[in-house]
Amino acid sequence: MAVTEPAPVELPPAHEGILRRQALRESAARTYARSLPIVPVRARGMTIEGADGRRYLDCLSGAGTLALGHNHPVVLEAVRKVIDSGAPLHVLDLATPVKDVFTTELFSTLPREFADNARIQFCGPAGTDAVEAAFKLVRAATGRSELLAFTGAYHGMTAGALAASGGATDVRVTRLPFPHSYRCPFGAGGERGADIAARWTEYLLDDPKSGVPEPAAMILEPVQGEGGVNPAPDGWMRRMREITRERSIALIADEVQTGVGRTGTFWAVEHSGIVPDVMVLSKAIGGSLPLAVIVYRSELDLWQPGAHAGTFRGNQLAMAAGAATLAYVRENRLAERAGTLGARMLAALQALSADHPSIGDVRGRGLMIGIELVDPEAGPPTVTAENGSAPPPDPALATAVQQECLRRGLIVELGGRHGAVVRLLPPLTLTDEQATAVVDRLADALRAAERSPYRRAAAGPTR
């Protein structure tokens with residue numbers, strides 16, 4: 001039987017009309033649409049085609065969701081197989097063959113010491129709901145309610161998750177310093193800065209007059225993403241594990257963005273070798289479709305039936321796509337590939353700083369990369385870094401770079417405290433040629449932005 005080509009997508013006369021109607025109809029809370037005024041109509045791998053006919057290299061990847069890029073064949077085949085089988089697509093939290101395959105594949109990728117004694121809770125389809133579930137779990141298990149979180153953190157937008165994030169106000173969360181070599185809050189950086197941060201954590205927890213109640217849990221990101229792509233030092237991660245274990249505090253690792261090979265190991269906690277009590281997983285585990293879970297030590301499984309529920313816990317298509325993605329990343333060693341290619345891209349971007357004083361710092365792990373842009377001529381340095389003084393961040397330049405990247409067919413995101421960090425989250429299927437093109441286009445965009453009369457007025461965060 002002859003294979004027929006799919007019919008072309010019917011497009012309106014102009015994509016500007018779609019953008020105009022979006023601006024009129026959608027809420028003021030929309031985010032990516034503001035800085036990326038494109039109308040995607042087709043996508044494959046790392047490439048997006050807009051309604052205007054332009055093509056873009058996507059270094060946002062659904063904020064890290066698309067481990068295999070857009071419409072990967074193994075993902076499409078897994079979804080088609082479920083649809084063609086006649087299986088129910090909505091099953092609440094009932095057991096299904098599709099869920100069994102997904103859970104088995106997921107557990108096979110987890111650190112063995114963790115997986116051998118673990119339970120899984122399927123949550124609502126967003127990572128922030130999984131964070132809420134993790135908080136409920138540890139509070140039920142410990143009988144305590146207070147939490148420990150870190151400066152620069154981002155855990156989601158629901159009430160509890162937002163309270164544990166760096167921009168929260170009026171919350172019952174104790175904020176701890178996250179290590180940061182370039183903008184170290186203690187003016188030390190490196191191992192010394194991380195050691196001071198760990199000592200401060202111990203002091204607060206052990207001082208009976210610190211005002212810090214005994215916490216239920218500590219939540220941390222192995223690499224802070226929205227906070228500016230700040231990798232946690234491995235030694236510091238091990239210290240946090242020791243500190244929490246010695247004080248019977250549950251350790252929650254938020255791997256929503258760092259998981260599934262993104263940082264060069266399948267799960268970012270593997271770099272330090274720690275075994276957390278709870279792992280929060282979403283984004284890439286659904287293979288581009290909505291899915292979120294928590295996996296945790298069985299000893300914590302003390303909550304009552306219905307303690308955390310949701311109508312859309314049983315997304316069969318997402319589980320099928322997720323199982324296919326997890327297996328493909330594992331079988332093709334894409335985590336190792338991300339580590340190798342990410343190191344190469346970091347080195348190339350760091351080399352640019354010799355000719356661009358506006359590049360303050362290049363950092364990251366695997367294919368999770370950040371370039372912090374600064375204004376070396378704007379006033380005195382504000383924070384002491386490991387290797388000298390750090391100029392003030394330049395969010396206006398970062399915005400100009402993002403716009404220039406888009407003109408050159410490259411989609412990038414901004415993050416960090418002041419929106420001055422250009423973030424790269426390409427798919428793990430990135431080729432050598434595409435990696436070179438990303439660096440070249442970014443370098444060209446930076447040169448153009450530096451020459452442009454961009455506003456040097458203070459530009460707030462992009463979100």
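Quick caveat, the model's predicted, so the values are computed rather than measured.
Nearest approach of Phe178 to Asn230, heavy atoms of both residues: CE2-O, 3.4 Å. Ala194 and Trp236 get closest at one heavy-atom pair: O-CD1, 3.5 Å. The two atoms that bring Val173 and Ala149 nearest to each other are CG1-CB, 3.6 Å, heavy atoms only. Here the closest heavy-atom approach between residue Leu326 and residue Glu105 is recorded as CB-CG, 3.6 Å. Of all heavy-atom pairs spanning Ile294 and Val278, the tightest one is CB-CG1, 4.3 Å. For Pro215 against Arg144, the heavy-atom pair with the smallest separation is O-NE, 2.7 Å.
Remark: Arg344 engages Asp432 in a salt bridge, criterion side-chain N to carboxylate O under 4.0 Å. The residues Asp206 and Arg247 are annotated as salt-bridged, a charged nitrogen and a carboxylate oxygen being separated by less than 4.0 angstrom. Salt-bridge check for Asp195 with Arg239: passed, with a basic side-chain N closer than 4.0 Å to an acidic carboxylate O. Salt bridge status for Arg408 with Glu404: present, with a side-chain N to carboxylate O gap under 4.0 Å. Glu255 has no carboxylate O lying under 4.0 Å from a charged side-chain N of Arg262, or vice versa, which leaves the two without a salt bridge. Ion pairing between Glu49 and Arg44 fails under the 4.0 Å rule for side-chain N and carboxylate O.
Ring geometry for Tyr203 against Trp200 counts as parallel: the plane angle stays under 30°, on a 0 to 90° scale with 60° as the upper cut. Relative ring orientation between His308 and Trp303 is described as parallel, the plane-to-plane angle staying below 30° on a 0-90° scale split at 30° and 60°.
Thr151 has its side chain out of reach of Leu176: every pair of non-hydrogen atoms, C-beta onward, lies at least 4.5 Å apart. Two residues are said to be in side-chain contact when any heavy atoms from C-beta on lie closer than 4.5 Å; Thr103 and Val293 fail this criterion. Using a 4.5 Å heavy-atom threshold, the side chains of Leu60 and Leu66 count as separate. Taking the side chain as every heavy atom from C-beta outward, Leu352 and Leu442 never approach each other to under 4.5 Å. Residues Ile274 and Pro222 form no side-chain contact, since every pair of their non-hydrogen atoms from C-beta on lies 4.5 Å or further apart. A heavy-atom distance below 4.5 Å is not found between the side chains of Tyr296 and Val138. Counting only heavy atoms from C-beta outward, the side chains of Gln434 and Pro426 never approach each other to under 4.5 Å. Counting only heavy atoms from C-beta outward, the side chains of Val438 and Met46 approach each other to under 4.5 Å.
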**Study point:** CA sep, side-chain torsions, deciding dist, call: Thr142, Arg139, side chain to side chain donor-acceptor pair (under 3.5 Å)
**Key:** CA-CA 5 Å; Thr142 64; Arg139 283 167 169 156; over 6 Å; no
Practice item. Could you walk me through whether Thr263 and His271 pass the side chain to side chain donor-acceptor pair (under 3.5 Å) test, one step at a time? Key: CA-CA 9 Å; Thr263 69; His271 289 290; 3.0 Å; yes
Exercise for review: For Val260 and Arg330, run side-chain contact (heavy atoms from CB on, under 4.5 Å): C-alpha distance rounded to whole Å, both residues' side-chain angles, the deciding distance at 0.1 Å, then the answer.
Suggested key: CA-CA 9 Å; Val260 194; Arg330 174 178 54 78; over 6 Å; no
Review point. Can Cys59 and Arg423 be said to form a side-chain contact (heavy atoms from CB on, under 4.5 Å), step by step?
Key: CA-CA 8 Å; Cys59 262; Arg423 300 182 59 206; over 6 Å; no
Practice item. Step by step, work out the side-chain contact (heavy atoms from CB on, under 4.5 Å) result for Val75 and Ser288. Key: CA-CA 8 Å; Val75 172; Ser288 76; 4.3 Å; yes
Review point. Is there a side-chain contact (heavy atoms from CB on, under 4.5 Å) between Ile371 and Leu446 once you walk through the steps?
Key: CA-CA 11 Å; Ile371 305 99; Leu446 177 59; over 6 Å; no
Review point. Salt bridge (Lys or Arg N to Asp or Glu O under 4.0 Å) between Asp129 and Arg313: does it pass, once the steps are laid out?
Key: CA-CA 11 Å; Asp129 187 67; Arg313 288 173 288 169; over 6 Å; no
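Atom CG of Leu424 and atom CG of Leu430 lie 10.0 Å apart (nearest 0.5 Å). To the nearest 0.5 angstrom, Ile411 atom CD1 is 4.5 Å from Asp58 atom CG. To the nearest 0.5 Å, atom CE of residue Met218 and atom OG1 of residue Thr201 are 5.5 Å apart. With rounding to the nearest 0.5 angstrom, the CE atom of Met368 is 12.0 Å from the CG atom of Leu346. Atom CG in Asp116 sits 11.0 Å away from atom CZ in Phe114 (nearest 0.5 Å). A distance of 7.0 Å separates CG in Leu137 from CG in Asp301, rounded to the nearest 0.5 Å.
Other residues, nucleotides and ligands place more than 12 heavy atoms under 6.0 Å from the CZ atom of Arg238. Within 6.0 Å of CZ on Arg55 lie no more than 12 heavy atoms contributed by other residues, nucleotides or ligands.
With hydrogens and angles ignored, the 3.5 Å screen pairs no side-chain donor or acceptor of Arg365 with any backbone N or O of Gly342. Panel note: side chain Gln257, backbone Lys283; no donor-acceptor pair is recorded below 3.5 Å. Side-chain atoms of Arg417 do not come within 3.5 Å of backbone N or O of Gly228 as any donor-acceptor pair. Checking side-chain atoms of Asn71 against main-chain N and O of Ala43 turns up a donor-acceptor pair under 3.5 Å. Thr265 places a side-chain N or O within donor-acceptor distance of the main-chain N or O of Trp267, the cut-off being under 3.5 Å. For Ser282 (side chain) and Leu291 (main-chain N/O), a donor-acceptor pair under 3.5 Å exists by modelled atom type. When atom types are taken as modelled, the side chain of Thr340 and the backbone of Arg337 share no donor-acceptor pair closer than 3.5 angstrom. Counting only distance, with no hydrogens or angles, the side chain of Gln402 and the backbone of Val422 share no donor-acceptor pair below 3.5 Å. In this structure, Arg363 contributes its side chain and Val229 its backbone to a donor-acceptor pair below 3.5 Å.
Checking each of Leu148, Leu251, Asp254, Thr244 against Leu220 for a side-chain contact (heavy atoms from CB on, under 4.5 Å) leaves exactly one that passes, namely Leu251. Looking at Ile120, Leu110, Val256 one by one, the single match for side-chain contact (heavy atoms from CB on, under 4.5 Å) with Met279 turns out to be Leu110.
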